[in-house]
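I have placed the structure first, in the form of structure tokens, so that the comments after it can refer back to it.
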Amino acid sequence: MRWWAGVWVVAGVAVLAACGSSARGDGAVGSRSLSSEPSAGVSASASASAAQGGPSASPTASVSPVGCAAGHTDLTVTPGGAPEQRLCVRPGTVVSLVLRPRTDDKRWTALHSSAPAFVLPSGWRVDADGTAHATLRCASVRPGAADVGVTAKAPDVAGAARPAFTLHVSVVPYPTQG
């Protein structure tokens, strides 16, 4: 079995677990760790939906019945992970993005949002070890989407930084009743 098939199997199990726990209304919580490495240590006990990204566990983000994160969620991007990921969030969600140090000679340089009205990046910083941190605030009350791009560049090479990671964020409003 190829390693990516194993990742999809684990993602499917996490989706089924998230749907079951949300239907029971037991206040399931979780976060997402974005990685496509086979050795990433994906937790099967995660109650977060893996439909949009990769699963892991953390007690800071609530997951609604349709799989969109609400409140606060943590995302960690590890070296070797997929260069593009998708995330579904509810309005008002705060996403803490952690980009682990790259294994090549490139360093994280900047973060930008294609639609700051939907997803506003703030608090960008790069630590001495190469880990980058950012906070993404979803301040919209209407549906929409934004692409959050992170660029990386080798420090000793002239030229513009190139996109190294893209997070496609979809802001989905809460369903109305009546």
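For clarity, every value in this text was computed on a predicted model and none was experimentally measured.
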### Query
Side chains of V119 and V95: closer than 4.5 Å at any heavy-atom pair?
no

### Query
Taking the side chain as C-beta and beyond, is there a heavy-atom pair between F118 and V169 under 4.5 Å?
no

### Pairwise salt bridge (Lys or Arg N to Asp or Glu O under 4.0 Å) hits with a residue in residues 101-113, at least two apart
R102-D104

### Message
Looking at every non-hydrogen atom in both residues, tell me the closest pair between P91 and V172 and how far apart they are.
### Response
CD-O, 3.2 Å

### Message
Just verifying a value: how many Å separate L75 CG and L136 CG, rounded to the nearest 0.5 Å?
### Response
8.0 Å

### Query
Which residue pairs pass the salt bridge (Lys or Arg N to Asp or Glu O under 4.0 Å) test with at least one member in residues 109-134, sequence neighbours excluded?
R125-D127

### Summary
Note: W108 and R100 closest approach over all heavy atoms is NE1-O, 3.0 Å

### Task
Any pair with a residue in residues 143-172 that passes side-chain hydrogen bond (donor to acceptor under 3.5 Å, both in side chains), sequence neighbours left out, goes on the list, sorted by first then second residue, please.
E84-H168, T109-T151, D147-H168

### Message
V148 vs L87, test: side-chain contact (heavy atoms from CB on, under 4.5 Å). Steps then yes/no.
### Response
CA-CA 11 Å; V148 177; L87 177 65; over 6 Å; no

### Value rounded to 0.5 Å, distance of CG in L97 from CH2 in W124
7.5 Å

### Message
If you compare all heavy atoms of A145 against all heavy atoms of A115, which two are closest, and at what distance to 0.1 Å?
### Response
O-CB, 3.9 Å

### Query
In terms of side-chain heavy atoms, does H133 have a donor or acceptor partner in S96 at a distance below 3.5 Å?
no

### Message
Is any side-chain heavy atom of C68 closer than 4.5 Å to one of V89?
### Response
no

### Query
Any link between F165 and L120 through a network of hydrophobic side chains (Ile, Leu, Val, Met, Phe, Trp, Tyr) touching at under 4.5 Å?
no

### Task
Carefully, step by step, assess V77 and V150 under the rule side-chain contact (heavy atoms from CB on, under 4.5 Å).
CA-CA 11 Å; V77 179; V150 184; over 6 Å; no

### Task
Write down the atom of P79, the atom of P101, and the distance for their closest heavy-atom approach.
CG-O, 3.0 Å

### Message
Quick one: does any side-chain atom of T93 pair with a main-chain N or O of A69 as donor and acceptor, under 3.5 Å?
### Response
yes

